2 protein chains.
Amino acid sequence: MPTSARTYGQFCGLARALEIVGERWSLLVVRDLMLGPKRFNDLQATLPRIPVSILTSRLNELEESGVIRRRVLSQLDAGVVYELTEYGSELDHIVLDLGLWGARSLSDPKPDDAFSIDTAVLSLYTTFREEMAAGVHINYELQYLGGEMVLHALVDDGAVKVSAGSLPSPDMVIEPQGPAMFELLNGGLSPQEALSSGKVRIEGDPADLELFTRLFHIPPAPEAPTGLTIH
Amino acid sequence: MPTSARTYGQFCGLARALEIVGERWSLLVVRDLMLGPKRFNDLQATLPRIPVSILTSRLNELEESGVIRRRVLSQLDAGVVYELTEYGSELDHIVLDLGLWGARSLSDPKPDDAFSIDTAVLSLYTTFREEMAAGVHINYELQYLGGEMVLHALVDDGAVKVSAGSLPSPDMVIEPQGPAMFELLNGGLSPQEALSSGKVRIEGDPADLELFTRLFHIPPAPEAPTGLTIH
DNA sequence: CTGGATCCCTCACGATACTG
DNA sequence: CAGTATCGTGAGGGATCCAG
C-alpha cells in the first residue's frame, strides 16, 4: 500500500485540499510543473533535497488524485514526463499567491539555498502587478549569477510572459549581484541606490529600472515576522 | 527546542510559505481563526482529531512566524485567545480558494466526518460568486442537522456576510437533509429535484432556492478525480 | 474548568545504496 | 533514466497526567 491517505476526518474543502496537496513537498512539485512538463530527474534537480522515495510517492499520490498525469514519450526518447492536469493547473493562482505571501517573510538567502531558473521565472510571475502594467510595453532580460542564468520578461499591456533564455534586443538588461534582485523586489533597495552602489548593473535607461520595481514588487509584511513576543 | 524548523533549502517564496503554514494541521488552525479569535479548547473542538501536543506546537510555531497572536483576556475570564495577525489574515483569500479547489474533489461525507458550524459558514464564503450577486439583496437562513446548527447569509449587492445563529425574518429558510446542501452546491442535485425529492425543505419562494444555487456554487472538477489510470 | 505537559508507539520522512 | 530496497530518525498521533 504505497499511498498514505492520511485524512483529517473533516467534511471540508480545505481539509480535502490538504489531503491532496498538503503533504510535505507536494506543492513544490506542483510549482515545478507549472512551467511545463518535467522528467523525474528534472524534478530531482530543482528539488535537490527531496529524497527519491518521497518524490516517487508524491508523484503517485498526485497522479491518483488527478493533479498530475504521467505521459510516456515516444520510444525514441524512452522517457516519462509528468505534467499538470487541468485540475492541477487550477492551483496556479493559489500557488502564486501563496508564494507572494511567503516571499514577504523571506530573508536573505543562505549560501547553500537552492535557486533554480524556475524559481526565478516564477518569482517574476508572482510579483507582477498587472494593475501597474496597463499600457506598458517593455522587455527585460535578467542575468543572474554573472550571466550563468538568463531569463526574460515580456510586459505587454497588463500581461507578462516570463521565460528562460536570452532575448535578441531587450529594452533593458538587468544583472543583479547576489540577492540584490530580492532586495529590489521587496523595496529594501531603491533603484537609485542599486545602481550607485553597483549592486545592480544594467544596460539601458535607468528610468526603466524604476519602472521595473513598480511592475514587480513584494509588499512588506504588516508585522515583523521575526518579532519576539514577550511571554 | 520546540520548533522543528524543517526547511526546504530553497530561496523561494512558496517554499518559505510552506515552512510557515505547510506543516500538518497548520492551515486548518488558520482556517478556524479566520472567523474570529478562539480559545485552545475551541480549537480542539473544531479539530477533533488533532493531538493536543500538535496543537500546542502549531500555535507556538504560528505565533513565532507572526501569523497568529496570543492574547490574554482579563483576569475575570482567566483565559487566552488566539487570533490572526494582520499578516495571518492575508491568507484569507488563499485559504478560501484552496478550500474551493479541494471541495471539487470532495465526496460525500463519511459518518464520522467532523462538520462544524465554522466549516458551514466558511463553505458559503468559499462558494459565493460575487459576480452573480450584483444587485441582489436577499437573506437566507440555513438549518443543518435538523435545526441543531443554524446560520445565515446576508447577500447585499455583490457582497455576503455569513454568521452563526438565527435570523429574525429571513427571506428564505433552507433545511437540507444529510449532504443535500453539498450536492446542491456542486450541482449534483438540482433545486427542483431537491424540493420534489424532499432532500431539501424550505420556507419561502422556491425561485429563491434557484437563486441560491447560482449565488453559491462549486464548479465541477475538470477530470474525474477518482479516475483510474491504466498503467 | 482551561491550558497545557509527558509518555509511548507507530509510521512517514529522509539518506544511502542498488536495479531493470 | 526512473525508479526500488533498506534502514535509522523524528514527527504525528493518542492517552493520560499536571498546574493555575
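Note: hydrogens, waters and symmetry copies are ignored here, and every other heavy atom, side chains too, is used. Only a predicted model underlies this, so the values are computations on that prediction, with no experimental measurement involved. Order of the sequence lines fixes the chain letters, A, B, ..., with proteins taken first and strands second; residue numbering starts at 1 for each chain.
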Q: Distances for protein N/O vs nucleotides 14-20 of chain C N/O pairs under 3.5 angstrom?
A:
| residue | atom | partner | partner atom | Å |
| --- | --- | --- | --- | --- |
| C/dG14 | OP1 | A/R24 | NE | 2.3 |
| C/dG14 | OP1 | A/R24 | NH2 | 3.1 |
| C/dG14 | OP1 | B/R6 | NH1 | 3.2 |
| C/dG14 | OP2 | A/R24 | NE | 3.3 |
| C/dG14 | OP2 | A/W25 | NE1 | 2.8 |

Q: C/dG3 P sits how many Å from B/N60 CG, rounded?
A: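 Atom CG in B/N60 sits about 14 Å away from atom P in C/dG3.
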Q: Separation of B/L47 atom CG from D/dG13 atom C1', in whole Å?
A: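 About 14 Å, once rounded to whole Å.
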Q: Could you tell me whether the side chain of A/P176 reaches within less than 4.5 Å of the side chain of A/K199, counting heavy atoms only?
A: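 No; the side chains remain at least 4.5 Å from each other.
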Q: Would you say B/T119 and B/S116 are linked by a side-chain donor-acceptor pair, where the criterion is simply a distance under 3.5 Å?
A: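 Result is yes, a qualifying pair exists.
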Q: How many whole angstroms separate atom CD of B/E63 from atom C1' of C/dG3?
A: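 Nearest whole value for this atom pair: 14 Å.
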Q: Do the numbers put B/R24 on top of the ring of A/Y8, so that NZ or CZ is under 6.0 Å from the six-membered ring centre and no more than 45° off the axis?
A: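 Satisfied, under 6.0 Å and within 45°.
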Q: For D/dG13, take OP1 and OP2 only and decide whether either is under 4.0 Å from a side-chain N or O of B/R58.
A: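 No, because none of the side-chain N or O atoms of B/R58 sits under 4.0 Å from OP1 or OP2 of D/dG13.
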Q: Is the shortest side-chain N to carboxylate O distance from A/D118 to A/K38 below 4.0 Å?
A: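 A salt bridge is present here (some side-chain N lies under 4.0 Å from a carboxylate O).
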Q: Between atom CZ in A/R70 and atom P in D/dC1, what is the gap in whole Å?
A: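 Answer to the nearest Å: 16 Å.
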Q: Round to the nearest Å and state the distance from A/E23 atom CD to C/dA12 atom P.
A: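 Atom-to-atom, A/E23 to C/dA12, this comes out as 9 Å.
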Q: In terms of the angle between their ring planes, are A/W101 and B/Y87 parallel, tilted or perpendicular, with boundaries placed at 30° and 60°?
A: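 Ring orientation, 0 to 90° scale: parallel.
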Q: To the nearest Å, give me how far apart CD (A/Q44) and P (D/dC1) are.
A: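 Rounded to the whole Å, the gap is 10 Å.
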Q: Could you give the CZ-to-P distance, from B/F40 to C/dG4, as a whole number of Å?
A: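 Atom-to-atom, B/F40 to C/dG4, this comes out as 6 Å.
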Q: C/dC1 phosphate, OP1 or OP2: any side-chain N/O from B/R39 under 4.0 angstrom?
A: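 It does not, given that no N or O in the side chain of B/R39 lies less than 4.0 Å from OP1 or OP2 of C/dC1.
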Q: Nearest-Å distance, CG (B/L18) to C1' (C/dC13)?
A: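 Answer to the nearest Å: 16 Å.
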Q: Does some side-chain heavy atom of A/L33 sit less than 4.5 Å from a side-chain heavy atom of A/E83?
A: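 Heavy-atom side-chain distance check fails, nothing below 4.5 Å.
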